[in-house]
Structures are given as structure tokens and as C-alpha cells.
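Since the structure is predicted, the reported quantities are computational estimates derived from the model, not experimental observations. Numbering of ligands and ligand atoms starts at 1, following listing order.
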Amino acid sequence: MCVVFLQIQTLSHSCNHIVFDYNKPSSICESDRTLETAICDTEQVGENTALMDDSDVSDGHGAQEMCSDAVQTLPILQKFEQLSNQVQNLKKEHAALCNEVNGITANSFPGSEVFSALQDLSTEHEHLKKKYHEECELVKKKYLEECSERKRLYNEVIELKGNIRVFCRCRPLSQDEIANGSTSVVDFDSSQENELQIICSDSSRKQFKFDHVFRPDDNQESVFIQTSPIVTSVLDGYNVCIFAYGQTGTGKTFTMEGTPENRGVNYRTLEDLFRISNERSGFMRYELFVSMLEVYNEKIRDLLIENSNQSSKKLEIKQAADGTQEVPGLVEAHVYGTDEVWELLKSGSQARSVGSTNANEFSSRSHCLLRVTVNGESLINGQKTKSHLWLVDLAGSERMGRIEVEGERLKESQFINKSLSALGDVISALASKTAHIPTRNSKLTHMLQSSLGGDCKTLMFVQISPSAVDLGETLCSLNFASRVRGIEHGPARKQADLTELFKYKQLAEKAKHDEKEIKKLRDSLQSLQLRLAAREHICRNFQDKNRELESQLAEERKTRLKQETRALASVSAQSPALSSLNQPHMTTIVEKKPPMFPSKLRLPLRGISNFLPPRSPVPPRMTKTSTSIYPNNKENVSKMMTTAAKTKTLLKARRGSYAVRPPPVATNKVFQPKRRASIATLHPESNSNIMRTPLNSSSNARLRTDRMVGRQSFVWDPQRVWRASRVETPLSRLKESAVMATPIAPRSSKFRGSPPTQAGSWKPKHPTVIALQKKQLVWSPLKFRGMRNSSRKSLLPS
Ligand SMILES: Nc1ncnc2c1ncn2[C@@H]1O[C@H](COP(=O)(O)OP(=O)(O)OP(=O)(O)O)[C@@H](O)[C@H]1O
């Protein structure tokens, strides 16, 4: 029983060992081995036990059997011992493994640290997610800004090139033309890309310039390369209109529609639109619709209607709520690819040609219009756009006289010409920015109304033939295109520039005018300065002359006094009584010699002009002559004057006269020559009001002049005073001086003439002074008088 117990214990330990061995793979093998051994041992122990049971059953067999049994059990005991040892080892191992497992569990699950780390990570993740969304929004915003900026810049480029652009395309000479020996009248200068010359019948050349000139050898691709920037605008939401203009057979249809081998603008445009819309598919969604119609005899016909019965339906242009022009009932085919487009274009042009064959023998008896409607939607901000692109193949522009038509054909031609001229008017009005755009004058312009003008882009192909036969029509087409192009090359900005230019031009003209005026004034100033210098010179001469006359006068006085003294002496000698009576008087005369220079007691110069001295008890006898002399001394004075004339001092004072009061009849006062005696204060007719007026500049100027002369000559001259009182402007002063300087004879005074001319000793050398002296008088103070008293006319030449 004890053995069995031990076996079971061993097994249980082995099982335990197995459990714990999962944590340590190396020990699994070992444990397995131990278990296997244990099982084998147990089986053996079992067998032995069974044997023992059997021996117990056969107890009666003797002691010999017991001994032999003891010999047999010895290895079992040994085995048992071994097993016990093994168990002990396993126990130890188990304990060690338990310890190891415990250690592993504690290290493997850090608990709260891991949890907090995980929390941190999730927070960071959230933060990064938020940041990512924010950055996405920012990028989106920036992208939209960039988009609108690109759109704006692109539009600006187009505008700078001109919202109305004109391309000229010349087709090659056809086989027939070459066969007929027709020559080319179009000359292209290789150095001037955008120019062409037309050789006229008289060998003269006419030059034309366009935004681009396509030569006969330019292919469809090179034409579209120049056209595509305008076409692309339709995807940015701008309305675009491209049309081909020219006479029949110049290649309008070839340029717009082309052939399967040489596809034209229409097909290439749609191809380009599909390509760009695919490129922008990440942020924009575009839908393209195509309509095709013709305007024939001012009637609209849908070219995409399959059912011929419907074609009779009348189409009219209506204004939509958003102000655009719509044709209700017009087929709009939703197109998704270029193949589809080509099929549509083909069927449309077939419908046109069938129609035209029925109606005309010429293919271009109607205007063919292809309308591409682009609906765009931004995937970023949901913004929607709707724009139209019109591709128009116009009817032939030839004049009616050229094609011999009558009846129905004539009517067609009239309609064509009317609509083409309406188109020309609209373009002209748009380009010259007139308020009224006459779009309703034809179906063609009415339909294109919302795609012409404003910020719409317009491109015109003027198609020409190089043949000499078509020279007249070619010139007509080129002149029309030049008019369209010449009016405007850009948007309103261009117009503003012109206004600015005009303003600058006006300013420049004003500056030029001002400069001229300044020059004139400078010249007149120079001449005035010269005249002033001349006057100063005259004044100096007057001063010299005056000094000379004063000394002569002093001499005369001395002589006179001596004579008088002698005469008195003789008289007193004859009658001593009388002599004694007259003695004091004589003394007074001797003592009170007249001063050589103005008395200190005289009134101040300015005061004299205004001051009216008290009336003299004896009214003075004023002479009207410029030289008033003392009656007793007439001879002396006349002598003096003669001497003065002889001295050839030509610069005589203007008023170089002396007014001397006549001796009083019965007075004891000594005679004194009164300076300024000529001032009108003593004149009976003098008018105080008039006399006050010379205070004004002209009089003062005169007084100043006189002061310079030496303050010697003042004679009252009513005419002069009158003039001075009425002429006040600075100009008048100048004019007055001109009057005084003129050689024209004065009326009353011999000093009125210009001293230099009279004198002859000083002659002006400066041309301006000479010219001024020669100049006729224009100013006349008498004119003023004349104004007041119309009966009296000016005596001076006006
Ligand atoms: N640039 C070109 N290169 C080669 N061939 C051209 C060119 N332009 C026109 N043609 C040819 O000239 C002929 C007349 O052209 P098209 O029919 O396009 O003229 P059109 O102006 O449209 O005349 P219509 O007013 O009668 O429609 C066609 O055969 C066309 O292939």
C-alpha cells in the first residue's frame, strides 16, 4: 500500500510538473521524460503489487518463497529510492520554476504604467487627428485661394492680350487657282510675325497688323495652340465666343470644323475641355453639353434634331431669369467623350449642308453656331459655374454685286449682310464702351449677347484668300477686321490708360504754354529793366543838368543882387532921405537870399500832393507855359534856357519848368522862388478831389521819377493830373512810361517826347528797347475820358 501511495504521489508530482512546464519549454521535455519514466515505474510497481497480492493469496506456500520474494523486491526498493530521489529533485525544480513564474508574471504586467502610456498614446493620436484635419482645412483654403488667384491671373493675361482678339488666316492657293495662273497678293514679312501686306493692283502695298497671322502653310494644330488659352477660360466660368469671318471659300469651315484628317477648332476645343476637366477631376466636376444650330434668313434651326418633323418647330430667343439668352426647345446633348462629340458634329454639319443644299447652291448661306455649355462644380466648396462657349462659322461676307443673285438668293444675301453688319456694330459698340449695345438688331447678335462684351472673351478669325481674283473681298475683310481690332486691345483698363494719357498730354500742353508765357514775361521784364536803366541814365543826366542850372541861377542871382544893390546905392545917393527909409529893406533883401536848395520849411513831398495850402492873399499868376519866369528877369531866364539848349544835354526833364510867383505889388516880404509852385493848389480851377487821386501809384511813380531828377520841376498840368488820377493799374504805369518814351509828339509840353530820341546822345542798343520805342501806342488815357464823355474821342492811336 505504501508503494502504491508513493506511486500516486509521484504521478501527481509529474502532473504538476507538466502544468508548470508550459512556461518553460526546455523543462517540458525533461518533465515528459520524467513522466514517462514515472508511468513505466508505476506500471512495474503495479505488476509487482499484483504479484504481491497473488502471493498473499497463496500464503501457505512456505518461507522459501518469501526469501525468493525478498530477493526479487530489492531492485524495486532500489527503484523506489531512485524514484524518491527523482521526486525530491522534481520538487526542487518545481519550487524553482514556481519562483521563476512568479517573477515573470510580476514583470510582464506593469499595470497602471502601461495603461497610462496607452492613454497618452490615444490622446496624442486624437491630437494628431485634429491637427491633420486642421491642416487639411488650411490646405483646402489655400488651394481655393490659389485657384481663384490662378483664375484671376489667367484672366488678366487674356485681358492684357485683349478681350477682343483678331487672328488672320490665309489659305493656300487652290489647285484650280494655280491652274488658272492666279498669283498670290498676300506678302508675309518673316521679321514681322503679326503683319501681312496686300499687294494692290497698282503695285502699292497695304499693311495690316493682327494679334496673330497664320500663313498658308500653318496647320490646324498651330492654329489651335494660339486659340486654346481663350478656350480654357470657359472652364473658369467665362463666356467665350470664337467666330470665323470671311468670304466664301476662304476656309472658315476648314478652320472651325476641319476634316477627319485635319480636325478644326470645334473638335480640338472639346478635346481640350475633356482633357482639362479630367485633369481637374480631383477638385472640380464638369458637365459638358453641346447644341448646334444655324441662323438662316433670320430663322433659328436646330441642327441636332433627329426627327425631321420637329425641325419645323420655330425657335425663339428668350431671356432667362439670370439675364442670359436662351433658346427654349433647343437640343442640348450631354457629351462625355471626344468620339461622341465628333459624331454629333458630323451629324450637325450634315444637317446644315442638307438644309443649305435645299436652299442654296452656296454652302455658307447660313451662320452655323456650335454652343458648348459647361457646368462646373467645385468639390471643395461646392461653388457652381455655368458658362457658354460659342463656336461660330459665319456665312460668306461677299458683297452682293460679286455674286449674281436674284429673288430668294438676293434675300439671303441681304439677311447675311444685315446680320454681319449688326455683328460689326455690336463689336464696335462693345469696344468703344458705348452705353447702348445694339444686340437686338439681328438673331445672331441677340443670341450671342451674353457671350459678347463684359469680361467675355471674343476671338475673330478673319479668313482670306491669297488669290488676286479675290483682292477686293480680301481688302474688305481685312479692313473690317482691322476696325474690330483697332478699337480696343484690352479691357476698361486700356481706356483708363488713354484717359490718363490725354490728361498728361493736356498738362504737357499747359506746361508748354506756361513756359511760353514765362519766356514772354521774362523778355518784357528784361526790356523793362533796360528801360529802367535808360531812365536812370536820363535821371543822372537831369541831375547833372540841374546842378549846372542851379549854379547858373545862383550866379544870376548874385549878379542881380549886385545890380540891385548898385541901383539902390545910386538911388540912395541921389536921395539920402529915401535912402535912409529903404535901408532896412535892403538889408533884408541881402540877408534873405533865396536858398540854393529846397528849404527845410517846405512841405514834405508826400504832403504836398494832398495838402492844400491857404490861399495866397494875392492870387498868383500862373503861366500855362512850361517855363514861367519872373517878369523882371525874363531875359536872364531865356538866356539860361538858351544855354541849356546849347549844352546838348539831351535828357531834358519831363517837366523841367520853373514856376515862380510874381513879385507882390505892395508887400515888404522878400521874394522867394516857390518850389512846387506848379502844384494845383493855387490854381483857381483846381479840384481837391482830383488832386488827391495822384496819391495813386502813377502819380507817385511820377513823383519818384521827379525826385530822382532833383525835385526841381513841378508844373501843374491839368491834363496830366487828370490822367494820373484815373489811371491806376501797374500796366497803365508801364503804358504811361511807354507814352512818355515814345517819339510821338506830345500835345502841350515840349518835354513830353522821349528824351533819348530827342537828345540823340544816348541811343538804345538792345533790340527789345528799340522795338518798344518803335511800337505804336495802344494805351490812351483819353480813352477813359472818351468813355465818360462819348462825344470826345481818343486822340491817340488805339
Ligand atoms: N488653311 C487651309 N489649308 C488647306 N486647305 C484649305 C485651307 N483653308 C481652306 N482650305 C480648303 O479650301 C476649301 C474651302 O474651304 P471652306 O469650305 O472651309 O471655306 P468656307 O469659307 O467655309 O466656305 P463657305 O463659306 O462656302 O462655307 C476647302 O476645300 C478647304 O479644304
How would you list all residue pairs meeting salt bridge (charged side-chain N to carboxylate O under 4.0 Å, His left out) that involve residues 233-247, not counting sequence neighbours?
R150-D236, D236-R280
Mind checking whether Q463 contacts ligand 1 via backbone (N, CA, C, O), side chain (CB onward), both or neither, at a 4.0 Å heavy-atom cut-off?
neither
Sidechain N-carboxylate O distance under 4.0 Å for K512, E515:
no
Are the side chain of K129 and the backbone N or O of E124 linked by a donor-acceptor pair below 3.5 Å?
no
In terms of ring plane angle, is the pair F208 and F210 parallel, tilted or perpendicular, where the classes change at 30° and 60°?
parallel
Looking only at N/O atoms, are T253 and ligand 1 under 3.5 Å apart anywhere?
yes
Could an N or O of ligand 1 be found under 3.5 Å from any N or O of G396, whether backbone or side chain?
no
Test of understanding: with side chain to side chain contact (heavy atoms under 4.5 Å, CB included), list the residues that count as partners of L379, not counting sequence neighbours.
R285
Taking C-beta and beyond as the side chain, do E195 and Q207 meet within less than 4.5 Å on heavy atoms?
yes
Output yes when the distance from some N or O of ligand 1 to some N or O of K252 is under 3.5 Å, and no in every other case.
yes
For atom 7 (C) of ligand 1, which of the options Y245, F254, F214 provides the nearest non-hydrogen atom?
F254
Should you measure from each heavy atom of R169, which atoms of ligand 1 turn up under 4.0 Å away?
1 (N)
Please report whether ligand 1 has a polar contact with T250, defined as an N or O pair separated by less than 3.5 Å (distance criterion only).
yes
Would C170 count as being in polar contact with ligand 1, using the rule that some N or O on each side must be under 3.5 angstrom apart?
no
For the pair D272 and R268, find out whether any cationic side-chain nitrogen is under 4.0 Å from an anionic carboxylate oxygen.
no
So if I count the atoms of ligand 1 from 1 in the order they appear, which ones are less than 4.0 Å from some heavy atom of Q247?
21 (O)
Atoms of ligand 1 less than 4.0 Å from P172 heavy atoms?
1 (N), 2 (C), 3 (N), 4 (C), 7 (C)
